[in-house]
Amino acid sequence: MRLTRSACVWIATLMVTVLAATSVDAQSRGEVQSLLEEGHSLFAKNDLDGAKSKFEQALAMDITADEALQFLEKYGYHKIVAMSRDEDLGKAMARVAELVHTETRRRERDADAITQQLDAYFSTDDMEEEMRLRYTLANQYGAYLAPGLAERIGASELTVRVKAIHGFAVLSADAVMPLCALLHHEDGSTVLGAIAALKAIKNPAAIPALKRVAETGTDAEIQRAASGAIAAINPQENSKSAYELLVQQAERFYLDSRYMHLTHHDPVIWSLTDGKLGYTDVHAWALNELRAEQVLDAASDLPGDDTMAQILHTSASLAQWAEYSAVRQRAQDEASQNELRIEEPKMRSIRNRARMLSNQNIAGVLAQAMTHDRPLVAIGALEVMREVYPAGKRAASIEGPLSQALTYDHRGVRFAAAECVAYRNPSSSFANSDRVIPNLNEALVEAGGRVALTVFSDQENQNNAKEKLRASNVAAFNIAGSLDALHAAQSYPHDLIILSSKTEGMLTSDLIARLRADYRTKSVPILIVVDNSEVVAAKADYQGFADDGVQVVSYSVDPIRLRNDVINPLFESSDDARSRDIAIAGRAAEAIATLASHDAGRDTIFDLTACERSLVSVLENRSDEVRIPASRAAGILAVKAAEPLLIDIVLQGDANSVDVRVAAMDALGKINYGKGEGASAQFVEAVKAALSSEDARLEKVGAESVGSANISPAVLKN
């Protein structure tokens, strides 16, 4: 059936008349319902054309009449099936496949082609051609059709509006975000058309935006239509406020990267500009956070407690910064690096939003991040808490989320929490206060050196391996079960993996094969530790893995030989600077030095003697970023065990920077305070080296050390 020109004019005239009214009153709604019932009756009698006429009249009075919209879509299918019966079965099946084919792929966004195709779609009055174009366009262009459909969804001509609504409906979930943006349109007819399309799609993601319209709209018809759409999608949601629904949706966007993110299109954000629907390209890693911010912006205009909205908005900001930093670290090619470098000022501005929150709210961000297992956001919140806290101010108490973070599963969160507490230097103990120093030590040793994952079920073997690895400045973290160890190896970066020849839950050879099959653990060196009597047999058993960086060693290997002959050669050719981990170790040393500076570590609730072993271990690190604050802390705390390493730093001369030699010499003066003749000959040699230096700073600190140690200047002449 094709509509005649006179029929189109009649429908358009009727539509304009109805839209001119402020709302669909009770009498009109009754007429709409009567028309729908008449249409169903004619359909039951197989009078498709008669039913179509009744449903079109109903739509002319109420464009959101869902039953009428659904029938007109079904009517098209009925006509196509009827026409297909005149063809052979093969052609009929091919036609149906062409109409409904919507494979998941990137869509084209050629604006001229889209305009041309949409013009053809809206101008045809051939039902078969209309249906073919609708599905072909949806398959080829997807959501990029939305701006063109939006221009027509508020048209006065009914057939145009219905085609636009059906066009959006075919896009299904991909149409929800652009349609929600259209709900902010100033034109009431466009808003009604958008509501009709959302009602037809029935995606729950549209409910918060529809509820906002139902609560705040100034047109009774639009408000009623929005409420009706919500009732058709999920009537239970009508009892919640728009503010509550919008904040809940923002949280879901923020937490679930898959929510409303299909793969049909490039990541875009939809918005209205001067009444025109358009999209902005964004990075995939920021898409859901940006969508969350859009929803929160809509919620900010509504009454409600804005604390949760502020926390979510800040969480989204920190998540964007964390994702940006991670992507930039992983970017390999120069073009990607340049693109990300250009974005840095904007991303820093986004990150700075967190600094505007009160300490109470940023603690709320931390609590939410830990609840929802977002460790990078938690670390970002902890860093903000540390940065905005007044330097030198002593805390009377520690916030609950901050104390909880001290025992969080993620090592980075534990360290950031301990660092934050250290700069607060609380005056009394609190929950988990006993974890502060162990967390700082963990960051010192683990980040300052290298990290090994050990997989031993026997406690004695665990302790044996851990003790021997200390000599190589390698921190060992043991997991007994092989499946858990596999997960840990793939989840957290490790420099070395050490296995027993007998692992629980999986054969050692199978575990190695799975480690080598995963790109995250493919190049990590693996040591297999066996009893001395089993070395020869084990080397034969694992010979096939020799080219994959797998070595066999004995439990009885000497720690120094393990370091010099096995571990050090593994990393000799490596250019891994471990810059991030070294920076963390440096920050841990700075935090310990800060605590130590409070009356030589006595004006603090923490036992800083527990840091001495860690401070000594990191002085072997080649990075000044770690050794300088570690030297300062060792000096304030008078760590005697650090003296030989500090002396070596000074005596090695130009092999070390002036800055670290100055820090080491200053620490030596403090460690040897007042010793006089009791000072060691090695200390005296270090002082002589400092005094003979051409650098004024080193000479000055050497002289100060003489006075501090109460050494007779005559000693230095010999």
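Keep in mind that what you see is a predicted model, and the values were worked out from it rather than measured.
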Are [X] and [Y] packed together at the side-chain level, in the sense that at least one heavy-atom pair is separated by less than 4.5 angstrom?
X    : Y    : result
F683 : I671 : no
V566 : L527 : yes
M665 : V687 : yes
R414 : T407 : no
M385 : R424 : yes
L511 : L486 : yes
E643 : S680 : yes
E399 : L366 : no

Could you check T609 against D607 for side-chain hydrogen bond (donor to acceptor under 3.5 Å, both in side chains), going step by step and ending with a plain yes or no? CA-CA 6 Å; T609 59; D607 178 14; 2.5 Å; yes
Walk me through it: do D373 and Y408 pass the test side-chain hydrogen bond (donor to acceptor under 3.5 Å, both in side chains)? CA-CA 10 Å; D373 196 22; Y408 190 72; 2.8 Å; yes
Please name all residues satisfying salt bridge (charged side-chain N to carboxylate O under 4.0 Å, His left out) with R351, sequence neighbours left out, ordered by chain then number.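 By the salt bridge (charged side-chain N to carboxylate O under 4.0 Å, His left out) rule, R351 matches E383, E387.
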Looking only at non-hydrogen atoms, find the nearest pair between [X] and [Y] and report the distance.
X    : Y    : value
K502 : T508 : N-OG1, 3.7 Å
V413 : L382 : O-CD1, 3.6 Å
S403 : I398 : N-CG2, 4.0 Å
M370 : A378 : CG-CB, 4.4 Å
A642 : L619 : CB-CD1, 3.8 Å
L406 : R435 : O-CB, 4.0 Å

Assess the residue pair H372 and V377 against the criterion (side-chain contact (heavy atoms from CB on, under 4.5 Å)); give the C-alpha distance rounded to whole Å, side-chain angles, the decisive distance to 0.1 Å, and a yes or no. CA-CA 10 Å; H372 296 306; V377 176; over 6 Å; no
Could you go step by step and tell me if N439 and R411 meet the side-chain hydrogen bond (donor to acceptor under 3.5 Å, both in side chains) rule? CA-CA 8 Å; N439 287 347; R411 300 197 285 268; over 6 Å; no
Distance (rounded to the nearest 0.5 Å) between [X] [atom1] and [Y] [atom2]:
X    : Y    : atom1 : atom2 : value
L469 : L562 : CG    : CG    : 6.0 Å
I636 : S631 : CD1   : OG    : 11.0 Å
F477 : I479 : CZ    : CD1   : 10.5 Å
S482 : R514 : OG    : CZ    : 8.5 Å
I362 : Y389 : CD1   : OH    : 15.5 Å
I528 : E534 : CD1   : CD    : 12.0 Å

side-chain contact (heavy atoms from CB on, under 4.5 Å) between V474 and D495: does it pass, once the steps are laid out? CA-CA 9 Å; V474 175; D495 301 292; over 6 Å; no
Checking [X] side chain against [Y] main chain: does a donor-acceptor pair fall under 3.5 Å?
X    : Y    : answer
S500 : T503 : no
N532 : S554 : no
R291 : F253 : no
T604 : G601 : no
S317 : A354 : no
D510 : M506 : no
Y423 : L595 : no
T521 : V524 : no
D558 : R561 : yes
D531 : S533 : no

Once you measure the plane-to-plane angle for Y555 and F456, does it fall in the parallel (<30°), tilted (30-60°) or perpendicular (>60°) bin?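 Judged by the thresholds at 30° and 60°, the geometry between Y555 and F456 is tilted.
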Please lay out, stage by stage, how Q459 and N463 fare under the test side-chain hydrogen bond (donor to acceptor under 3.5 Å, both in side chains). CA-CA 6 Å; Q459 186 66 47; N463 296 336; 3.2 Å; yes
Walk me through it: do R348 and E343 pass the test salt bridge (Lys or Arg N to Asp or Glu O under 4.0 Å)? CA-CA 9 Å; R348 286 193 178 280; E343 297 242 351; over 6 Å; no
Using a strict threshold of under 4.0 Å (side-chain N to carboxylate O), is an ion pair present between [Y] and [X]?
X    : Y    : answer
E344 : R341 : no
K670 : D666 : yes
R632 : E590 : yes

Please check if any side-chain donor atom of Q462 sits under 3.5 Å from a side-chain acceptor atom of D458, or the reverse.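 Judged by distance alone, the side chains do not pair up.
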Check the side chains of R627 and N656 for a donor-acceptor pair under 3.5 angstrom, ignoring hydrogens and angles.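 Judged by distance alone, the side chains do pair up.
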Stepwise, does the side-chain contact (heavy atoms from CB on, under 4.5 Å) test hold for L376 with L318? CA-CA 8 Å; L376 295 181; L318 290 174; over 6 Å; no
Against S315, only a single residue in Q368, E251, R374, E289 fulfils side chain to side chain donor-acceptor pair (under 3.5 Å); can you say which?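 Of all the options given, the one that passes is Q368.
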Check this for me: D654, atom CG, are more than 12 non-hydrogen atoms of other residues, nucleotides or ligands nearer than 6.0 Å?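 Not buried by this count: 12 neighbours or fewer within 6.0 Å.
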Please determine whether the number of non-hydrogen atoms from other residues, nucleotides or ligands lying under 6.0 Å from atom CD of Q543 exceeds 12.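 Result for CD/Q543: open.
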Mind running side-chain contact (heavy atoms from CB on, under 4.5 Å) on L515 and I526 for me, showing each step along the way? CA-CA 9 Å; L515 289 168; I526 296 175; 4.0 Å; yes
